[in-house]
Structures are given as structure tokens and as C-alpha cells.
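Structure first, commentary second.
Counting starts at 1 for both ligands and their atoms, following the listed order.
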Amino acid sequence: MSWGFGQWIQSKSRSVRLAWFPPACLLCRQPAQQHLDICTGCQTDLTAMDACCQRCAEPLAQSHSLCGRCQQQLPLFDSVFAPYLYAQPLTQLVTAFKFKRQPSAGQAMGLLLAEAVAIAVESGELSLPDCLVPVPLHPWRQIKRGFNQSALLADDVAKHLRQMEMTVPVAGSMLQRIRRTRPQPGLSLVERRRNLKGAFSLKGNPPRHVALIDDVMTSGNTANECARILKQAGCEVVQVWVAARAERPK
Ligand SMILES: [Zn+2]
Ligand SMILES: [Zn+2]
């Protein structure tokens with residue numbers, strides 16, 4: 001995974017920075033928290049997921065029901081764990097991570113997701129999978145972007161979970177994207193589904209239970225296609241863990 005020397009320094013020198021410069025919040029530049037590059041005010045401003053579809057976490061007016069799309073056809077993944085709604089100010093964090101290549105924004109998202117997972121596991125709402133599987137990018141897109149945000153997120157989530165005595169390995173190359181797809185935004189729901197057909201392949205045999213990792217889930221089609229490949233190979237349970245759930249485009 002290549003971040004470039006500057007980003008490597010930025011990522012590895014956290015302890016030095018903390019000692020010499022008080023960290024600034026990634027979102028508002030006020031003093032951040034010691035363990036997270038976001039201030040307590042901005043963390044409170046993140047919109048926690050409330051009522052949503054039990055299966056795909058699509059935001060709904062009422063909880064404990066299925067969204068219209070899941071009522072018509074259930075997705076192939078079994079559940080979605082998304083602690084936050086994809087809304088301001090979290091959208092800023094995603095942009096900083098994916099498009100401005102700020103590793104600290106990705107690390108903050110990893111910690112936010114891992115903390116939410118740990119709380120859900122402790123309360124029995126979520127069970128730990130046998131491994132974390134990042135949603136892959138096509139190699140050309142990864143070269144262009146310089147990294148795969150899902151793979152970095154999976155590594156960070158695994159690291160934080162391990163620190164909380166919840167060890168889950170990352171199967172970083174289990175899923176591969178073998179066909180280039182058009183960027184999903186701007187495509188209709190039908191086009192999105194067609195766009196992803198045959199886009200992924202699997203290396204090796206998946207374990208019984210996996211959690212797919214991605215930064216944001218929008219239509220759910222990418223996760224569905226990954227779940228299809230995993231289940232065809234014998235995987236029984238596919239959870240999807242994302243930092244944020246966006247409302248599905250109408
Ligand atoms: Zn802030
Ligand atoms: Zn649904």
C-alpha cells in the first residue's frame with residue numbers, strides 16, 4: 001500500500017506531533033481530542049444512525065422494518081452495521097480521506113467505526129466475524145488514487161479492535177476487482193447493478209462469517225455483488241461494516 005513519503009511521515013509522526021503541537025480538529029481546527037483528531041463538539045455533531053432498514057440500513061422514518069427495496073428483494077448480505085449517517089460534517093472527513101489523501105481523516109474514521117463496533121459487540125448487537133474483507137478497487141483505480149480507502153480502513157479497524165482485545169484478521173486480498181466499472185454516482189439503480197456484474201473474483205475459500213469493510217455505503221449494490229461471490233464460495237454470513245450510510249439515490 002503506497003502512501004508516499006510525505007504521507008508516511010504524517011502518519012507515523014503522530015506521537016511527535018502530539019508532543020510538540022496540540023492536534024487541531026480535522027473539521028473545525030479547534031483543539032482535537034488526544035486519541036482522535038476531531039474535537040468533542042464535532043464528534044457530537046456527527047449524525048448517529050437512527051431509524052433504518054433492518055437489513056440494509058437505509059434510513060427510514062420508522063425502525064425495525066424493511067425498506068421498500070428489501071421488501072421486494074432481500075440483498076445477499078445479511079446485515080449492515082453503519083454507526084453514522086453520511087451527512088455533514090462526516091462528508092468532509094470522507095472527502096479529506098479519499099480525495100485529499102489525508103491519512104489522519106482515514107484514521108479518525110477507522111477509530112470511530114472500531115469504537116462503534118466494540119460497543120455493539122459488547123452489547124450483543126453485533127457478532128465478530130472470522131475476518132474483515134475490504135471492498136477492492138480495480139488495480140488501475142488504486143494506482144490512480146494511490147491507495148484503497150477500504151483496505152486502510154480495515155487495517156485501522158482491526159488494529160483498534162485488537163487493542164480492545166477483539167482480534168479479527170484482515171483478508172486483504174481475498175476479493176479482487178477484475179473488471180473496471182464506471183463510477184457508481186450518476187448511474188441509475190439498474191445501471192449500477194449491470195455495471196458491477198462480473199466485476200469481482202475471489203481468491204481462496206472464505207471462512208464461514210466475514211465482514212465486508214467500506215467507507216460509505218450508498219446503493220448497496222457493490223456490497224451485494226461482493227456478498228454474491230462470497231456466498232457462492234460457501235460463506236454463510238456476510239455482514240457489511242461501513243463508517244457511514246448514505247441515503248440511496250431515488
Ligand atoms: Zn471540531
Ligand atoms: Zn433495506
Side-chain angles (χ1 to χ4, degrees), residues 10 14 17-18 21-97 100 102-113 115-116 120 125-126 135 184 187-190 192-193 196 211-212 214 216-228 230-231 237-250:
Q10 199 179 342
R14 183 179 173 89
R17 282 190 296 120
L18 284 174
F21 310 103
C25 174
L26 290 164
L27 299 169
C28 73
R29 312 310 300 167
Q30 296 292 311
Q33 301 172 74
Q34 275 298 319
H35 72 296
L36 180 68
D37 284 346
I38 296 178
C39 72
T40 43
C42 286
Q43 192 175 1
T44 313
D45 285 345
L46 301 177
T47 313
M49 277 297 285
D50 193 10
C52 64
C53 172
Q54 274 186 331
R55 185 68 175 244
C56 76
E58 165 81 356
L60 295 174
Q62 277 182 325
S63 204
H64 305 297
S65 55
L66 293 176
C67 69
R69 191 172 165 204
C70 288
Q71 281 176 24
Q72 284 180 356
Q73 187 175 16
L74 285 173
L76 296 166
F77 49 79
D78 295 273
S79 61
V80 175
F81 181 75
Y84 299 102
L85 188 69
Y86 186 58
Q88 282 287 13
L90 193 78
T91 47
Q92 267 176 266
L93 214 53
V94 174
T95 304
F97 179 31
K100 296 186 184 163
Q102 279 186 29
S104 50
Q107 286 156 4
M109 284 170 61
L111 182 54
L112 289 168
L113 179 55
E115 283 183 341
E125 181 197 333
L126 197 64
V135 171
Q184 296 279 87
L187 299 183
S188 72
L189 286 177
V190 176
R192 281 174 182 235
R193 238 171 277 154
L196 288 163
L212 279 169
D214 211 349
V216 180
M217 178 167 158
T218 306
S219 69
N221 287 327
T222 304
N224 198 52
E225 207 47 45
C226 292
R228 183 194 313 280
L230 288 161
K231 289 204 164 172
V237 182
V238 178
Q239 295 174 345
V240 184
W241 293 1
V242 287
R245 178 66 159 97
E247 286 188 73
R248 191 177 287 140
K250 300 290 177 242

| request: Let me know which of Val240, Leu212, Asn221, Asp214 forms a side-chain contact (heavy atoms from CB on, under 4.5 Å) with Cys226. | output: Leu212
| query | If we only count heavy atoms from C-beta on, is the Arg245 to Cys56 side-chain gap below 4.5 Å? | reply | yes
For a quick test of your reading: what N or O donor-acceptor pairs under 3.5 Å do the side chains of residues 75-82 make, sequence neighbours left out?
residue, atom, partner, partner atom, Å
Asp78, OD1, Lys231, NZ, 3.3
Asp78, OD2, Lys231, NZ, 2.7
Asp78, OD2, Val238, N, 2.8

| Is there side-chain contact between Leu93 and Ile38, with heavy atoms separated by less than 4.5 Å? | yes
| field | Minimal non-hydrogen separation, Ser104 against Asp37, with atom names | value | CB-OD2, 3.6 Å
| note | Note on the Zn ion (ligand 2): protein N/O/S atoms within less than 2.8 Å are Cys53 SG, Cys56 SG, Cys67 SG, Cys70 SG
| Do Glu225 and Thr222 get their side chains close enough for a donor-acceptor pair, meaning under 3.5 Å? | no
| field | Closest contact, heavy atoms only, Arg69 versus Ser219 | value | NH1-O, 2.8 Å
| task | Go through the structure and list residues passing salt bridge (charged side-chain N to carboxylate O under 4.0 Å, His left out) with Asp45, not counting sequence neighbours. | result | none
| field | the Zn ion (ligand 1) - number of protein N/O/S atoms closer than 2.8 Å | value | 4
| request: Apply the test side-chain contact (heavy atoms from CB on, under 4.5 Å) to residues Leu90 and Thr47: give CA-CA distance (whole Å), side-chain angles for both, the deciding distance (0.1 Å), then the verdict. | output: CA-CA 8 Å; Leu90 193 78; Thr47 313; over 6 Å; no
